[in-house]
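Remember, it's 1-based here, ligands and their atoms both numbered in the order they're listed.
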Amino acid sequence: GTRVRGHQLAIPSVLMRGGTSRGPFFARADLPGDDETLARVLAAALGSPHPLQIDGLGGGHPLTSKAGIVGPSTEPGADLDFRFAQLRPDDDSVDMDANCGNLLAAVVPFAVETGMVVPTADTTTVRVRTLNTGAVAEISVRTPEEGGARGVDYAGDTRIDGAPGTSSPVTIGFLDTAGSIAGSLLPTGRPRDTVELPGTGPVEVTCIDNGQPLVIVAAAALGATGRESPAELTADPALRERVEALRLDCGELMGLGDVTDRNYPKMTLVSPPRRGGTVATRSFIPRVVHESIGVLAAVTAATACVLPGTVAHDLADLAATDAAEATLSVEHPSGAFDVRLGWDPGDPTRITRSALVRTARALMAGDLYVPLGVWNPS
Ligand code: NQM
């Protein structure tokens, strides 16, 4: 529970790396029940808004401006409920609509660290519902016995591109991700649409949502090669403007309304693979360029590759793909992200499973302090 110290509120928290993201995790019971106060507490915890988030735990980038809230599930069909919060260094917005498959990888380790889940075998498998969209995932972590008790073993030889070193694997299998926010896999009803972009002309896009709403566009259609580094893309304001203009149009097209202040749809520039993978990507999330790619963004981009008629399908190398199941390697600026996909051979728009491997690590545990004026639980 929380306590007061030096006119600050001390809230129990574990700082976690989940995949290629980082943020403090909290037990639901330790946070305010109303979303308005919750948003204030999270903004104070991370130090938003401030470019360096100097007065909080955030790291000055969207990938390190995140928080996780976990509790026992309140509904059948899952063991744990997870709520993901996306914050930003540049304002005090707290978005709990968007999803994050990276922080999701830290949910079960956090639950074991805090005693919410008690392991009884060498592998602990838990069903986690992400409340942001209702998506349920089956997640397994290693929990061997050590000194008479079971806990998460963080050591291992699993490597994910975009995070240093190796750790034990966290496997994630998504049960149903189609239309997470946009309502259906292909929210415009078509695998491809043409959008008129002032100054550029007609641009072909694929609007798709298999866990993350994405607009997929050929890098070449926007005057890029798709080989640029995140720093090079960031240093090209004209390109970023074209990407944002396209995003606003596609948001309407996807039935998401005015997405000016939303963190979705994310923008994915695709080009032919160059390291033996399926397709090469550069991700805008959606205003800042990702150093790698999001988890559900990778699942959604891989899904687009296997769907005939999409912009990604045109450029993808599907040589290693058979009729109903494949491992697709989504290349990104710091390596590649492998996604195992299964689909209905008669209807590839029916994705039957998606699975992937991440790693996670507990970085620090203790109390996170927020000034009493932010939240004063009586
Ligand atoms: O798509 C960043 C990330 C993400 C989201 C973003 C994510 C996902 O890499 O599931 O993980 O796209 O904003 O953490």
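- With salt bridges taken as basic N to acidic carboxylate O contacts below 4.0 Å, one links Asp97 and Arg262.
- With 3.5 Å as the limit, one finds a donor-acceptor pair spanning the side chains of Thr133 and Asn99.
- By the side-chain hydrogen bond (donor to acceptor under 3.5 Å, both in side chains) test, Asp92 is found to be paired with no residue, residues two or more places apart in sequence or in another chain being considered.
- Ligand 1 has a nitrogen or oxygen under 3.5 angstrom from a nitrogen or oxygen of Leu296.
- Applying the 4.0 Å criterion to heavy atoms of Gly294 picks out, from ligand 1, the atoms 1 (O), 3 (C), 4 (C), 5 (C), 7 (C), 8 (C), 9 (O), 11 (O).
- Below 4.0 Å from some heavy atom of Asn102 lie the following atoms of ligand 1, by number and element: 3 (C), 9 (O), 11 (O), 14 (O).
- At least one N or O atom of Ala297, backbone or side chain, sits closer than 3.5 Å to an N or O atom of ligand 1.
- One N or O on the side chain of Asp79 and one on the backbone of Arg127 form a donor-acceptor pair closer than 3.5 Å.
- Salt bridge status for Arg88 with Asp91: present, with a side-chain N to carboxylate O gap under 4.0 Å.
- Within the structure, the closest approach of Cys100 to ligand 1 falls below 4.0 Å when heavy atoms are considered.
- For the pair Gln212 (side chain) and Asp209 (backbone), a donor-acceptor distance under 3.5 Å is absent.
- The residues Asp35 and Arg83 are annotated as salt-bridged, a charged nitrogen and a carboxylate oxygen being separated by less than 4.0 angstrom.
- Close contacts of ligand 1 with Lys66, meaning ligand atoms under 4.0 Å from a residue heavy atom, involve 2 (C), 3 (C), 4 (C), 14 (O).
- Nearest to atom 13 (O) of ligand 1 among the protein's heavy atoms is Lys266 NZ, 2.7 Å.
- Closest to atom 9 (O) of ligand 1, if we only count protein heavy atoms, is His290 NE2, 2.6 Å.
- Ring geometry for Phe110 against Phe25 counts as tilted: the plane angle lies between 30° and 60°, on a 0 to 90° scale.
- Polar contact with ligand 1: absent for Asn99 (N/O pair, distance under 3.5 Å).
- Using a 4.0 Å cut-off to heavy atoms of Ser21, the atoms of ligand 1 that qualify are 3 (C), 14 (O).
- Among protein heavy atoms, the minimum distance from atom 12 (O) of ligand 1 is reached at Ile285 CG2, 3.1 Å.
- For atom 1 (O) of ligand 1, the nearest non-hydrogen atom of the protein is Gln212 NE2, 2.8 Å.
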